[in-house]
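This structure is a prediction, so every number in the text was calculated from the model and none was measured. Along the sequence shown, residues carry numbers from 1. All values below come from the heavy atoms of this structure, side chains included, with hydrogens, waters and symmetry mates left out.
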Amino acid sequence: QVQLVESGGGSVQAGGSLRLSCAASGSSRNCMGWFRQAPGKEREGVAYIDSDGRTSYTDSVKGRFTISRDNAKNTLYLQMNSLRPEDTAMYYCAARTNRKFACSGVVYSYWGQGTQVNVSS
């Protein structure tokens with residue numbers, strides 16, 4: 001079982017930056033991802049990273065967000081730059097065991113509790 005704990009959310013003005021962190025219990029060299037859910041909207045996948053460090057992003061964050069992982073620290077990151085009000089949401093990290101590649105569009109087994117990001121105009 002994998003336990004995930006997010007941190008780093010907060011309130012910023014449009015154009016600002018935040019860095020989210022997700023501490024994972026145990027070693028997780030499998031698929032990991034960041035998701036978000038805004039009030040009244042469905043949860044969406046934001047960014048994914050595979051066991052070799054290859055990344056993929058939803059179109060709305062390409063060029064602004066960067067997902068990375070530090071395997072030695074068992075920590076997942078999401079660097080968010082040029083934030084927009086529409087990025088306001090609860091952000092969750094997730095992990096999927098037994099899958100190392102092709103990480104987008106699959107079901108994730110383990111979820112953190114979420115960290116809130118608010119972007120004001």
Side-chain angles (χ1 to χ4, degrees):
Q1 188 159 351
V2 178
Q3 292 185 324
L4 304 170
V5 179
E6 302 98 334
S7 60
S11 297
V12 296
Q13 290 190 325
S17 298
L18 284 172
R19 187 193 196 201
L20 306 184
S21 298
C22 174
S25 65
S27 175
S28 177
R29 303 293 178 96
N30 297 297
C31 287
M32 296 193 76
W34 286 98
F35 295 75
R36 66 185 179 187
Q37 187 167 20
K41 294 188 177 181
E42 292 187 355
R43 185 173 61 196
E44 67 168 339
V46 175
Y48 307 90
I49 188 165
D50 71 14
S51 182
D52 286 347
R54 285 185 291 257
T55 60
S56 59
Y57 301 89
T58 192
D59 286 347
S60 62
V61 307
K62 285 180 181 177
R64 300 188 299 122
F65 290 12
T66 302
I67 187 172
S68 62
R69 67 197 303 169
D70 185 330
N71 291 328
K73 295 182 179 180
N74 292 329
T75 302
L76 181 72
Y77 301 100
L78 185 67
Q79 178 67 44
M80 305 186 295
N81 298 328
S82 302
L83 282 161
R84 304 168 180 169
E86 54 264 39
D87 295 317
T88 294
M90 183 72 79
Y91 283 72
Y92 301 88
C93 73
R96 164 144 179 171
T97 57
N98 301 318
R99 189 177 185 99
K100 294 185 179 296
F101 307 108
C103 298
S104 63
V106 298
V107 175
Y108 278 71
S109 310
Y110 299 99
W111 296 83
Q113 83 289 349
T115 186
Q116 181 68 38
V117 171
N118 295 312
V119 184
S120 58
S121 57

Q: Kindly say whether R29 contributes a backbone atom to a donor-acceptor pair with the side chain of S51 at under 3.5 angstrom?
A: yes
Q. Would Y48 and L76 show up in the same hydrophobic cluster when neighbours are defined by side-chain heavy atoms closer than 4.5 Å?
A. no
Q.
My understanding is that only residues two or more places apart in sequence, or in another chain, count here; which of them pass side-chain hydrogen bond (donor to acceptor under 3.5 Å, both in side chains) with N81?
A. S17, Q79
Considering only distance and modelled atom types, tabulate donor-acceptor pairs under 3.5 Å from the side chains of residues 100-111, sequence neighbours left out.
from, atom 1, to, atom 2, distance (Å)
Y108, OH, C103, O, 2.7
W111, NE1, Y108, O, 3.1

Q.
To the closest 0.5 Å, what do you measure between CZ (F65) and OG1 (T55)?
A. 14.0 Å
Q. What pairs of residues pass the disulfide bond (SG atoms under 2.5 Å apart) test when at least one of them lies in residues 44-90, not counting sequence neighbours?
A. none
Q | Donor-acceptor pair, side chain of Y57 and main chain of R64, under 3.5 angstrom | A | no
Q. Which pair of heavy atoms, one from V119 and one from T88, lies closest together, and at what distance?
A. N-OG1, 2.8 Å
Q) Are the side chain of E6 and the backbone of G114 linked by a donor-acceptor contact shorter than 3.5 Å? A) yes
Q) Under a 4.5 Å cut-off applied to non-hydrogen side-chain atoms, are M80 and V117 in contact? A) yes
Q.
Going by the rule side-chain hydrogen bond (donor to acceptor under 3.5 Å, both in side chains), which residues pair with S60 if we only count those two or more places apart in sequence or in a different chain?
A. R36
Q.
Looking at every heavy atom in both R69 and N71, which two are closest together, and how far apart are they?
A. NE-OD1, 3.3 Å
Q.
My understanding is that only residues two or more places apart in sequence, or in another chain, count here; which of them pass side-chain hydrogen bond (donor to acceptor under 3.5 Å, both in side chains) with R84?
A. none
Q) Would you say D50's side chain and D52's backbone share a donor-acceptor pair under 3.5 angstrom? A) yes
Q: Write down the atom of A24, the atom of L4, and the distance for their closest heavy-atom approach.
A: CB-CD2, 3.6 Å
Q: Kindly work out whether a path of hydrophobic side-chain contacts (I/L/V/M/F/W/Y, heavy atoms less than 4.5 Å apart) joins I67 to V61.
A: yes
(Q) So, using side-chain hydrogen bond (donor to acceptor under 3.5 Å, both in side chains) as the criterion, who are the partners of Q116 when residues are at least two apart? (A) N118
(Q) To the closest 0.5 Å, what do you measure between OG (S121) and CD (E86)? (A) 10.0 Å
Q. Same hydrophobic cluster for L78 and V2, using side-chain heavy-atom links shorter than 4.5 Å among ILVMFWY?
A. yes
Q | Shortest non-hydrogen separation from L83 to L18 and the atoms involved | A | CD1-N, 3.8 Å
Q: Inspect the surroundings of CD in Q3 and state if more than 12 heavy atoms from other residues, nucleotides or ligands are less than 6.0 Å away.
A: no
**Q.** G45 to F35 - nearest heavy-atom pair and separation
**A.** CA-CD2, 3.4 Å
Q.
Test of understanding: clusters of I, L, V, M, F, W, Y form through side-chain heavy atoms closer than 4.5 Å, transitively. Do I49 and Y92 belong to the same one?
A. no
Q. How about E44: does its CD atom have over 12 heavy atoms from other parts shown lying under 6.0 Å from it?
A. yes
